[in-house]
Visitor: 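The structure that follows is given in the form of structure tokens.
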Amino acid sequence: MTEIRNRKPVPTKLVSDKEEFKKPLKRKYTYNDNLIASLLFISSLPIRFQNLSLPAEVVFDEVHFGKFAAYYIKKSFFFDVHPPLAKLLIALVAWVSGFKGDFDFTEIGRTFPDTVPYILMRMLGTLLGSLLIPLAYLTIRDAGHSKIAATLTALAICFENGLITNNRLILLDSYLLFFTAFTVFSWNRFYTKIAFGQSWCIWLLCTGIGLGCTLSSKWVGLFTIATIGLSTLKQLWNILGDITVTKRQYTLHFFSRVVCLIIVPAIIYIGSFYIHFSILTRSGPGESYLAMQTQNEMKGYEPIDTPRPIVYGSLITMRHLETTEGFLHSHDATYADGSQQQQVTLYPHRDNNNWWRILKADVDDEPKKDLLASDNTTWLEYVRNGDTIRLEHVETAPRKLHSHDIPAPVTDTDYHKEVSAYGFHHHAGDANDNWLLRIDSNSEHSEAGEFLQSRRSKFRLKHVYQECYLFASFERLPEWGYDQQEVSCISEGTKPKTMWQIDESDNRILPKDIQMEPEHRPKFFEKFARLHKYMWIVNNELTDSHPFESRPYTWPLLLSGGISFWQTSTKQIILFGNPLIYWSSTAAVVFFLALFGVLQICQKRGYDHTILGFSTFYQTSAGFFILAWALHYLPFFRMERQLFFHHYLPSLYFAVLTLGVFFDLIMKKFPASLKVTVLLAFSTCLIYTWWTYAPITYGTDWTVAQCDRASLLDRWDLQCERYYPLGSPEREVLSSEEEEEPSYKPTNVIYVDGEGQRIPKNEVPQEYLNEEEYMDEEFEDGEDYEEDEEVLEPTEAPEPPEYEPEFIDGKEVFGEDDEDEEDWPRTMYGMEEDDEEEEVHKPATIRSIPATRYI
């Protein structure tokens, strides 16, 4: 009891912003720090720029970001899930270096021609990666820590193999990491300045610029914004408790942060997209993610006005308002299975096969006299909400939009029915051609909710007998369906995904003074909002498995085997970290987290919490870096999409900064000579581990023995067998495995003309064809085939069966399915007898629209 009475109460006084950082200000940096930072930067250049020209081939995701640079130069619109700033910088370097965009980066391992300035394109990212070293040093110094701790931190960043590998290529992560590091450096520098001074304003503005650039490179920048945002709230809360700060001063504190940390980043982010749209003004492979009117603008089409009211007998084109806003489309080709009737698809370009004639299903009803035609004798009837209609395909009339109780060809589930175009001459149609029109209410134009109108009314089509709605998804038909999007009739679809709108209409007997609806061309913010919608959707739908994906729990302790970036028969580049840096930085984070917990318990019990000199100074410094580490790392546990080892790199940077604080705390009571000795010993170990894994960092020679010794964990697959000598039995086995390639690979390119019409590949000019054919020449010659072996060829669309339909009470009926067929689960590939599990209905997944080349 006496001990409890003698305990000193925990101080609870309010501290000002300036008082809280009194200790760091005593240890402010000097101009010698700039010299040391410069020397560290110069020392890092040979490590980062070593053999930058090797390999002279496309490596890993250079297939994407190099290709995007080519699109920028050709001004062809493309789609990507990342914001454009880093890609714009890559394209700028390529353009200044004389690149004409004539190399398409289509395949990993493809050799760069002399016309591609790939070294200069890699050089900017490598330079920004080198700048991480001085930024790390100065960040630790600005946080108030010793030069030795700052030097150790900088050397850890310098010799981290994963950072080196990632920064040396045409990738986005080097830009993201630089802007992240610059943001934290600027924030630390701002935090130590006197309020409202010139330096204070400059570094606050630099923080906002860094936030804007970070977010404009990758959406991971949102985690950096959260880090600075929470620190800002803490700072404002402390200032609010300082009674010496007037209301006017606090208002200035608040609004200066709003302007610099919210408005400035927003301007940079939006501005990067404005530049993006300003450059990409031509039709390209990503245009299908834009509104149809924007696509028309990119193709040079003039805006088309269309008659507003829709009357029976009018010709119409209708667009799906979700997915790519493609047109309801049909063509003279049949489904390969199912009913084998004419295909109905979603097609993202204008085409004659998009036109349908709208007819009244019940012809016995007395027509309403709504509008007198231009011949002054014929009365026209408006199409109304609740009408039962039929849609006749103009090019293949009398075939009509049709659905029945047959599963959709790709999304093969009980609630997805096939939609086809069905009919023949001397047959008026059947009840499965009937669709109930349900027009959505329109608050802006009330009449468009009662009468069907072009470009105003949004509507759904409900099949009268199947009780399902006309639906389209991102799923694509196989090659026999020309890779076009699937259209089905869904009984459980959400309302937005079953909404359609008429784009154009035509009726030659409409009165000349009929009201016309102009074509709306979206402005910048409409494009901006729509593009972000699909960036979010596609990003979340990247759920397909990948051979090099990994989960977040494996990253801090380097439990995954990295990512194979590039390989030949004797060399390879693997994105793989320096084990010493990963393990020591993670240990530092765990140490501080445990220490924070212990100190909280001690504080609750009233004990003095200056264990090992762990004062508020160290709590604030380490706490900020650990907060940044957690915010950049923990959100990945909630993500279901593909995740890779490089997603941990921003968190690794903050873990290394925490390692510097840890070193400063542990060595605080020791003499300077011992600190230098420990620094030299740790640096020697860093350099040794960097050198050990340098062959897979730079793609240089290695031996099997060295690779085996470097494989410290069984989880690490460094592919050591690749380093067997040429001619050895192991090498022969490896070579035979690598040479096994499929005899046929389907192409993913569709050729169309300027009007969006498909062009057969044999009619495409040679300069537009891919340089590599998907069928090996030896297979074309037939030399390697056995005489009795069947040669597999792509599936051709079968001819539609000619049979007379059977009708009962005016409704088309089909024969019963084989009873045995129900015993086997149905899949998108047919009936699999070996699969005895119950049928599992999976939601449709997003797939990219096939690449299109315009001739």
Visitor: If you count every heavy atom of other residues, nucleotides or ligands that lies below 6.0 Å from Trp95 atom CH2, does the total exceed 12?
Guide: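 12 or below, so no.
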Visitor: Just wondering, are more than 12 heavy atoms of other shown residues or ligands nearer than 6.0 Å to NZ in Lys75?
Guide: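 No, the 6.0 Å shell around NZ holds no more than 12 heavy atoms from other groups.
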Visitor: For the ring pair Tyr653 and His632, is the centre-to-centre distance below 6.0 Å?
Guide: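 No.
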Visitor: Would you say the ring centers of His546 and Phe644 fall short of 6.0 Å from each other?
Guide: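 Under 6.0 Å, so yes.
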Visitor: So that I know where these two stand, are Trp716 and Phe576 an aromatic pair - ring centroids less than 6.0 Å apart?
Guide: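 Close enough - the centres of the two rings lie under 6.0 Å apart.
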Visitor: Taking the six-membered ring where the residue is Trp, are the ring centres of Phe645 and His647 under 6.0 Å apart?
Guide: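 Aromatic pair excluded; centres sit 6.0 Å or further apart.
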Visitor: Please state whether the rings of His331 and Tyr482 are parallel, tilted or perpendicular, taking 30° and 60° as the class boundaries.
Guide: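 If you compare the ring of His331 with that of Tyr482, the planes turn out perpendicular.
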Visitor: Please name the pair of heavy atoms, one in Val704 and one in Cys720, separated by the smallest distance, quoted to 0.1 Å.
Guide: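 It is CG2-O, 3.6 Å.
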Visitor: Could you check whether Glu62 pairs with Arg110 (Lys NZ or Arg NE/NH1/NH2 to Asp/Glu carboxylate O, under 4.0 Å)?
Guide: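 Looking at Arg110 together with Glu62, the answer is no, because their closest N to O distance does not fall below 4.0 Å.
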Visitor: Which word best sums up how the rings of Phe277 and Phe524 line up, parallel for under 30°, tilted for 30 to 60°, or perpendicular for over 60°?
Guide: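 Answer is perpendicular, since the angle exceeds 60°.
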Visitor: For Met298 and Arg282: C-alpha separation, side-chain torsions, deciding distance, then whether side chain to side chain contact (heavy atoms under 4.5 Å, CB included) applies.
Guide: CA-CA 5 Å; Met298 288 182 170; Arg282 298 175 182 171; 5.9 Å; no
Visitor: Taking all atoms of both residues into account, what is the closest heavy-atom pair of Lys87 and His82, and its distance?
Guide: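 Taking Lys87 first and His82 second, the nearest heavy atoms are NZ-O, 2.8 Å.
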Visitor: What do you reckon, are the aromatic ring centroids of Phe273 and His532 less than 6.0 Å apart?
Guide: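 That pair passes the under 6.0 Å test.
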Visitor: For the residue pair Tyr118 and Phe112, does the interplanar ring angle fall in the parallel (under 30°), tilted (30 to 60°) or perpendicular (over 60°) class?
Guide: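 It falls in the parallel class, under 30°.
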Visitor: May I ask you to check whether Phe327 and His320 place their ring centers less than 6.0 Å from one another?
Guide: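 Ring-ring flag for Phe327/His320: false, centres at least 6.0 Å apart.
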Visitor: Nearest heavy-atom pair of Phe636 and Arg551: which atoms, and what distance?
Guide: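 Closest pair (atom of Phe636, atom of Arg551, distance): O-NH2, 4.1 Å.
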Visitor: Specify whether Phe528 and Phe525 have parallel, tilted or perpendicular ring planes, treating 30° as the upper limit for parallel and 60° as the lower limit for perpendicular.
Guide: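 Geometry flag for Phe525 against Phe528: perpendicular rings.
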Visitor: Mind listing the closest non-hydrogen atom pair of Thr697 and Arg168 along with its distance?
Guide: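 Shortest heavy-atom contact: O-NE, 4.4 Å.
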Visitor: Minimum heavy-atom separation for Tyr175 to Leu128, with atom names?
Guide: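 Heavy atoms only, the tightest pair is CD2-CD1, 3.3 Å.
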Visitor: Does Arg521 form a salt bridge (charged side-chain N to carboxylate O under 4.0 Å, His left out) with Glu526? I'd like the steps, not just the answer.
Guide: CA-CA 9 Å; Arg521 291 292 170 87; Glu526 294 176 86; over 6 Å; no
Visitor: Return the orientation label for the Tyr71 and Phe78 ring planes: parallel under 30°, perpendicular over 60°, tilted otherwise.
Guide: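 Rings of Tyr71 and Phe78: parallel, under 30°.
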